[in-house]
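Just so it is clear, the values below take in all heavy atoms, side chains as well, and ignore hydrogens, waters and symmetry mates.
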Amino acid sequence: MQKILVVDDEPSIVTLLKFNIEQAGFEVITADNGRAGLDTALSQSPDLIVLDLMLPEMDGMDVCRTLRQEKVNTPILMLTAKDDEFDKVLGLELGADDYLTKPFSPREVVARIKAILRRSGAEDPVTDEQTIKIKDLVIHLDRYDVYFKENLLFLTPKEFELLLYLANNKGRVLSRDQLLDRVWDFQYDGDTRIVDVHISHLREKIEEDTRKPKYIKTVRGFGYKLEVPQS
């Protein structure tokens, strides 16, 4: 049974989420502040973390940042009471895989959890091969790891999914909406900046010069494509 960690300091929300997530067939563990949430995430190794942004002792941003710095790539669904795009984008930049703004439907939370976990398993790759090699970039599908110039890269689950989808569609121009639909599984109300944030993270890890990318090219006004570098 997959284990979900819910970190929120509002007892009513924790109770609501715990009931609905358990009804969906998951085990649920909880924490009521950021410090406890971080400790639980490190010690209990959950399959996914539902993390509130505004928490006592240590806020959700710091929890997310610390987990990623510790090379913990557990998927994170961020909850925020703020309808503030800065908070959303910053959370994604720190390594969160998705976000929901309060108030939200418990059914939507469960749907997001299932979508993230499904995509984190890198389902339905276009290729049957266990390894994809694109010049100095090597993706091992069976191990869910990526090497660049023989160095193992640290990718979040969402970064891995995005890179895999780009690689499976090598040379094909993909719109931001297509990437949202296939990698995130649902629409983001027209806000495609989440794609740009994750593309930027990938470029930092696989491009020698992010200002002149050789692998992930921008097609202005449309989207991105992954190419085999010519040099």
Side-chain angles (χ1 to χ4, degrees), residues 7 48-54 59-65 67-69 72-105 108-125 139 144 146 153-169 172-207 210 213 215-226:
V7 187
L48 182 142
I49 302 168
V50 180
L51 179 64
D52 190 31
L53 174 65
M54 302 300 292
D59 68 30
M61 294 292 191
D62 286 335
V63 173
C64 184
R65 180 188 296 109
L67 287 172
R68 297 310 186 220
Q69 288 174 345
V72 175
N73 62 359
T74 303
I76 295 173
L77 171 60
M78 188 82 78
L79 304 179
T80 172
K82 298 180 179 179
D83 190 17
D84 187 329
E85 68 182 32
F86 172 78
D87 286 331
K88 295 171 185 176
V89 174
L90 180 57
L92 295 168
E93 287 178 342
L94 292 175
D97 295 87
D98 194 3
Y99 66 82
L100 270 175
T101 302
K102 297 178 181 178
F104 49 76
S105 161
E108 184 175 8
V109 175
V110 171
R112 297 281 183 105
I113 289 172
K114 289 180 177 180
I116 294 169
L117 290 173
R118 184 168 63 251
R119 298 305 302 172
S120 294
E123 284 193 339
D124 68 356
I139 305 171
Y144 304 114
V146 179
L153 302 181
F154 169 66
L155 301 183
T156 68
K158 193 59 64 181
E159 289 167 2
F160 179 88
E161 295 160 34
L162 178 57
L163 179 61
L164 179 58
Y165 189 71
L166 288 167
N168 279 332
N169 291 275
R172 178 185 171 195
V173 180
L174 301 167
S175 71
R176 291 171 174 83
D177 287 333
Q178 283 177 291
L179 292 171
L180 280 173
D181 181 59
R182 293 308 303 270
V183 178
W184 279 265
D185 272 347
F186 52 86
Q187 296 298 317
Y188 262 81
D189 298 325
D191 186 354
T192 59
R193 281 168 295 181
I194 184 175
V195 174
D196 300 328
V197 169
H198 282 76
I199 290 290
S200 176
H201 287 172
L202 282 176
R203 281 175 169 163
E204 289 172 0
K205 297 172 182 180
I206 70 172
E207 301 285 3
T210 57
Y215 287 88
I216 302 177
K217 298 292 187 69
T218 299
V219 180
R220 294 193 179 279
F222 191 74
Y224 300 97
K225 66 176 177 177
L226 189 145

*asked:* So, using salt bridge (Lys or Arg N to Asp or Glu O under 4.0 Å) as the criterion, who are the partners of Asp59 when residues are at least two apart?
replied: none

*Taking the side chain as every heavy atom from C-beta outward, state whether Gln178 and Arg172 have any pair of such atoms under 4.5 Å apart.*
yes

*Roughly how far apart are Thr74 OG1 and Ile49 CD1, rounded to 0.5 Å?*
5.0 Å

*Of the non-hydrogen atoms in Val183 and Lys158, which two are nearest, and what is the gap between them?*
O-NZ, 3.2 Å

*If you look at every heavy atom in Thr156 and Asn73, which pair is closest and at what distance?*
CA-CB, 4.4 Å

*With sequence neighbours left out, write down each residue that passes salt bridge (Lys or Arg N to Asp or Glu O under 4.0 Å) with Arg203, or none if nothing qualifies.*
none

*Could I get the full list of side chain to side chain donor-acceptor pair (under 3.5 Å) partners for Arg176, not counting sequence neighbours?*
Asp196, Tyr224

*asked:* Using 0.5 Å steps for rounding, measure from the CD1 atom of Ile199 to the CD atom of Glu207.
replied: 10.0 Å

_With heavy-atom distances below 4.5 Å as the criterion, would you say the side chains of Tyr144 and Leu155 are in contact?_
no

*asked:* Test of understanding: with side chain to side chain donor-acceptor pair (under 3.5 Å), list the residues that count as partners of Ser200, not counting sequence neighbours.
replied: none

*Work out which heavy atom in Leu48 is nearest to a heavy atom in Ile116; give both atom names and the distance.*
CD1-CG2, 3.7 Å

_Working to the nearest 0.5 angstrom, can you tell me the gap between Ile194 CD1 and Leu179 CG?_
11.0 Å

_List the residues meeting side chain to side chain donor-acceptor pair (under 3.5 Å) with Glu159, not counting sequence neighbours, and say none if there are none._
His201, Lys205

*Atom of Gly95, atom of Cys64 and distance for their closest heavy-atom approach*: C-SG, 3.9 Å

_As an exercise, state the distance from CG of Leu117 to CG of Asp97, rounded to the nearest 0.5 Å._
10.0 Å

*Evaluate the side-chain proximity of Asp52 to Val7: yes if any heavy-atom separation is below 4.5 Å, no if none is.*
no

_Spatial distance of atom CZ (Phe222) from atom CG (Asp177) [nearest 0.5 Å]_ = 8.5 Å

*List for me each residue that meets side chain to side chain donor-acceptor pair (under 3.5 Å) alongside Glu108, sequence neighbours excluded, and say none if there are none.*
Arg112

*Can you tell me how far the CG atom of Leu174 sits from the NZ atom of Lys225, to the nearest 0.5 Å?*
10.5 Å

